[in-house]
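Accompanying notes for the structure given below.
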Amino acid sequence: MSLRISVVSSSMDLDVIGDWKRTHYSVDVKPEMDGCEVTLFGWVQEIRDLGALRFIILQDREGTIQVTVLRKKTSAEVLSKADALQKRFSIGVKGTVKKTDITPRGVEVIPKEIKIFNTAESPPIDICGKTLAKLDVCLDARALDLCREENIAVFKIQHKAVEAVREFLFARGFIEVHTPRFIGSATEGGAALFKVDYFGRDAFLAQSPQLYKEQLVMSLEKVFEIGPFFRAEESHTRRHLSEFVSIDIEEAFADAEDVMQLLEQLMHYVCKTVSEKCGRELAVLKYSVKVPELPFKRLTYDDVLEELKSEGIVIPWGEDIPTPVLRTLGKIHPYFYFITRWPKSARSFYIQPCADRPELTEGFDLMWRWIELVSGGTRVASKRLLVKQLEEKGLNPDSFRCHLQAFDYGMPPHAGWAIGLERLTMMLTGKKNIREVTLYPRDKTRLTP
RNA sequence: GCCCUGGUAGUAUAGUCCGGUCUAGUAUAUGCGGCUGUCGCCCGCAGGACCCGGGUCCAAAUCCCGGCCAGGGCGCCA
């Protein structure tokens with residue numbers, strides 16, 4: 001990548017913010033404020049110059065508003081500022097709201113004073129959406145790319161979703177916790193871990209908070225964590241990242257069915273909140289979020305295999321369901337559905353076997369179409385069983401000594417799950433590549449910006 | 001890691017099959033000029049590109065080989 005650092009010495013005198021305070025965001029300027037004076041801050045999104053008339057579209061994080069400069073009726077000072085403006089200049093405008101029928105929003109602002117806080121180069125990508133650059137090019141200029149209304153909409157929706165999750169879990173007595181990202185040994189099995197140098201010792205970046213959140217149910221009982229985790233898999237897909245955000249919960253004295261009910265209620269609440277409160281953002285994305293009906297379908301692994309058989313697809317019992325088959329399944333069940341009672345061979349060592357059929361587990365996935373959104377289950381609370389299952393998976397119980405110790409002191413029955421936040425955001429925004437819903441995505445080849 | 005497809009101005013694309021008026025077309029962006037109601041404003045002018053290396057050939061953006069990068073799929077994984 002060629003990184004050209006250009007420093008243009010602008011001859012322009014920049015303004016200081018002084019005692020100016022924002023009175024309104026762009027979208028809060030309404031026709032009924034006709035005649036009021038407002039102070040707006042933001043960036044020049046677009047300029048349309050008709051000669052005696054210059055339209056400046058001011059953008060802030062909430063939207064845009066038109067600033068109209070009538071050449072004949074404007075002071076020389078304002079005019080010289082208005083003429084100097086270019087795309088992405090950071091500006092402040094003090095002016096009068098004018099009600100009008102000519103703009104789509106019914107308002108424009110007639111400037112009395114303009115401040116230029118910073119100038120800008122001509123942007124390397126089109127942020128107005130006329131000639132949209134490809135994802136890779138956008139990501140290379142991510143800070144600028146994030147100024148696009150569509151991207152602002154994506155991350156405001158994600159913010160609302162996270163807010164709704166916290167609100168929901170707090171209301172049900174869950175305590176938010178923070179477990180370590182540095183871990184001492186690569187033990188959990190499953191995903192490959194990133195190795196880091198920890199004061200001369202080998203350490204690893206955590207792939208999940210699984211073991212810690214289980215330990216915490218014996219003290220805090222109901223916990224959740226929202227944070228980044230790391231997988232060193234060489235995945236090259238639209239739905240995998242090396243660094244992703246997980247929404248993890250663990251609950252004492254609960255089983256899979258309890259946490260599945262919690263989960264479907266949470267999904268309902270998140271969808272409802274986003275569809276009700278993010279109307280403007282969803283409109284920008286030309287997408288809508290359907291509020292799901294409860295309860296979600298619960299298909300057992302055996303049900304799924306039967307169903308696939310009638311589609312002419314045969315999966316050997318005990319095997320995981322391959323991606324192309326999940327796509328087929330997603331067409332049959334085009335919204336939320338659980339897959340429950342997975343075979344032991346397809347689940348982790350910490351998942352509780354079914355009492356009635358020990359070759360099955362109380363593990364489940366929550367699917368959204370063909371994408372695995374959430375994974376969870378009843379956990380093993382018995383140390384003896386846990387050790388047995390570790391051995392069955394070819395893992396060494398010795399390297400789990402610290403974790404297993406917790407099970408000596410009254411580990412309660414417990415269950416939990418983990419939602420992939422980015423996958424949840426894909427579901428809420430209709431985006432088809434996980435990189436689009438990640439501020440600064442990390443994958444096998446991308447480490448910058 | 002494997003398979004498929006691709007890489008042309010800042011951005012997005014046409015041209016590549018079938019090598020030759022390609023002096024590389026278009027849109028948008030940029031710069032300059034013009035325009036009194038734009039909202040993908042409009043009009044005129046200007047500058048700006050064939051991923052890198054090797055090969056075939058009289059001749060390569062175009063064909064062949066290698067590399068790098070990207071997109072999609074698979075696997076791994078959540």
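The analysis underlying the following values was restricted to heavy atoms, covering all of them including side chains, and did not include hydrogens, waters or symmetry mates. Letters A, B, ... mirror the listed sequences (proteins, then strands); counts begin at 1. Remember, it's a predicted structure, so these values are computed and weren't measured experimentally.
Within 4.0 Å (heavy atoms only), A:P104 reaches at least one base atom of the nucleic acid. Residue A:L241 is in base contact, counting any heavy-atom pair closer than 4.0 Å across all strands shown. Among the atoms of the strands shown, none is found under 4.0 Å from any heavy atom of A:P123. Across all strands, A:F244 comes closer than 4.0 Å to base atoms (heavy-atom distances). At a threshold of 4.0 angstrom between heavy atoms, the contacts of A:E422 with the nucleic acid are absent. Residue contacts shown for A:S122 are limited to sugar-phosphate atoms, with no base heavy atom under 4.0 Å away. Nucleic acid contact class of A:E234 (heavy atoms, under 4.0 Å, all strands): base. Among the atoms of the strands shown, only primed sugar atoms or phosphate atoms (P, OP1, OP2) are found under 4.0 Å from some heavy atom of A:L132. The residue A:R238 sits close only to the backbone: its heavy atoms come under 4.0 Å of sugar-phosphate atoms, none of a base. The residue A:N433 sits close only to the backbone: its heavy atoms come under 4.0 Å of sugar-phosphate atoms, none of a base. At the heavy-atom level, A:Q66 lies under 4.0 Å from base atoms of the strands shown. Residue-level contact check: A:V137 touches the backbone only, with heavy atoms under 4.0 Å from sugar-phosphate atoms and none from bases.
The phosphate of B:G1 (OP1 or OP2) has a side-chain N or O of A:K444 nearer than 4.0 angstrom. Residue A:R327 has a polar side-chain atom (N or O) positioned under 4.0 Å from OP1 or OP2 of B:C74. Within the structure, every side-chain polar atom (N or O) of A:R48 is placed at least 4.0 Å from both OP1 and OP2 of B:U38. Contact between the side-chain N/O atoms of A:K134 and the OP1/OP2 oxygens of B:G7 is not found at any separation under 4.0 Å. The phosphate of B:C41 (OP1 or OP2) has a side-chain N or O of A:K130 nearer than 4.0 angstrom. At the phosphate of B:G75, OP1 or OP2 sits under 4.0 Å from a side-chain N or O atom of A:T323.
The listed nucleotides are B:C74, B:U30, B:A12; the one nearest the side chain of A:K87 is B:U30. Which of B:G71, B:C74, B:G37 sits closest to the side chain of A:D136 comes down to B:G71. Distance from the side chain of A:L53 is smallest for B:G37 among the nucleotides B:C77, B:G75, B:G37. Of the candidates B:U11, B:C76, B:G37, B:G37 carries the atom nearest the A:T68 side chain, counting heavy atoms from C-beta on. Nearest nucleotide to the side chain of A:T445, out of B:U11, B:A78, B:A70: B:A70. Distance from the side chain of A:T131 is smallest for B:A12 among the nucleotides B:C41, B:A12, B:G37.
Of the residues near RNA chain B, A:R423 and A:K432, the one whose nearest nucleotide (by heavy atom distance) lies more toward the 5' end is A:K432. Judged by closest nucleotide on RNA chain B, A:T103 is the one of A:I47 and A:T103 placed further toward the 5' end.
Straight-line distance from the CD atom of A:E46 to the C1' atom of B:G40: 8 Å, rounded to whole Å. Residue A:R148 contributes atom CZ, which lies 12 Å from atom C1' of B:U11 at whole-angstrom precision. The nearest whole Å value for the distance from the CD atom in A:Q86 to the C1' atom in B:G31 is 10 Å. Residue A:R54 contributes atom CZ, which lies 14 Å from atom C1' of B:G34 at whole-angstrom precision. Atom CG in A:L424 sits roughly 19 Å away from atom P in B:A78 (whole-Å rounding). We find that CG of A:D126 is positioned 7 Å from P of B:A29, with the value rounded to whole Å. Taking atom CD on A:E149 and atom P on B:C39, their separation rounds to 17 Å, with Å as the unit. One atom, CZ of A:R71, and another, P of B:C35, lie 10 Å apart when rounded to the nearest Å.
A donor and an acceptor atom sit less than 3.5 Å apart, one in the side chain of A:H236 and one in the base of B:G72. The base of B:G1 lies outside donor-acceptor range of the side chain of A:E233, with no N or O pair under 3.5 Å.
Proximity of a side-chain donor or acceptor of A:S235 to a complementary backbone N or O of A:T237 within less than 3.5 Å is not detected. Of the possible polar contacts, none joining the A:D60 side chain to the A:Y25 backbone as a donor-acceptor pair under 3.5 Å is found. Checked by atom type and distance alone, the side chain of A:D258 pairs as donor or acceptor with a backbone atom of A:D255 at under 3.5 Å. With A:E46 contributing its side chain and A:C128 its backbone, the two residues share no donor-acceptor pair below 3.5 Å. Checking side-chain atoms of A:T361 against main-chain N and O of A:W342 turns up a donor-acceptor pair under 3.5 Å. Using modelled atom types, one side-chain atom of A:Y335 and one backbone atom of A:K290 make a donor-acceptor pair closer than 3.5 Å.
Base pairing annotation: B:C63 forms a Watson-Crick or G-U wobble pair with B:G55, both donor-acceptor distances under 3.5 Å. In this structure, B:G31 forms a base pair with B:C45, meeting either the Watson-Crick or the G-U wobble geometry with both donor-acceptor distances under 3.5 Å. Remark: B:A70 base-pairs with B:U5; criterion is Watson-Crick or G-U wobble with both hydrogen-bond distances under 3.5 Å. Base pairing of B:A24 is not made with any nucleotide, judged by Watson-Crick or G-U wobble geometry with both donor-acceptor distances under 3.5 Å.
Counting heavy atoms of neighbouring residues, nucleotides and ligands inside a 6.0 Å radius, atom CD of A:Q265 exceeds 12 of them.
For the C1' atoms, the distance linking B:C50 with B:A9 amounts to 10 Å, nearest Å. Across the C1' atoms, B:G19 and B:G55 are found 15 Å apart, a figure rounded to whole Å. A distance of about 28 Å separates the P atoms of B:G54 and B:G15, rounded to the whole Å. For the C1' atoms, the distance from B:C57 to B:U11 is 35 Å, rounded to whole Å. B:C17 and B:A29: their C1' atoms are spaced 32 Å apart (whole Å). Comparing B:U16 with B:U8, their C1' atoms are spaced 11 Å from each other, to the whole Å. When the C1' atom is compared between B:C74 and B:G25, the two are found 39 Å apart, to the nearest whole Å. Across the C1' atoms, B:G75 and B:C4 are found 15 Å apart, a figure rounded to whole Å.
When only modelled atom types and interatomic distance are considered, A:T300 and A:D303 share a side-chain donor-acceptor pair under 3.5 Å. Looking only at atom types and distance, the side chain of A:E77 has no donor-acceptor partner in the side chain of A:S75 under 3.5 Å away.
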Query raised in the report: When you look at A:F349 and A:F400, which way does the ring-ring contact (aromatic ring centres under 6.0 Å, His included) test go after all the steps?
Result: CA-CA 12 Å; A:F349 69 87; A:F400 287 82; 5.3 Å; yes
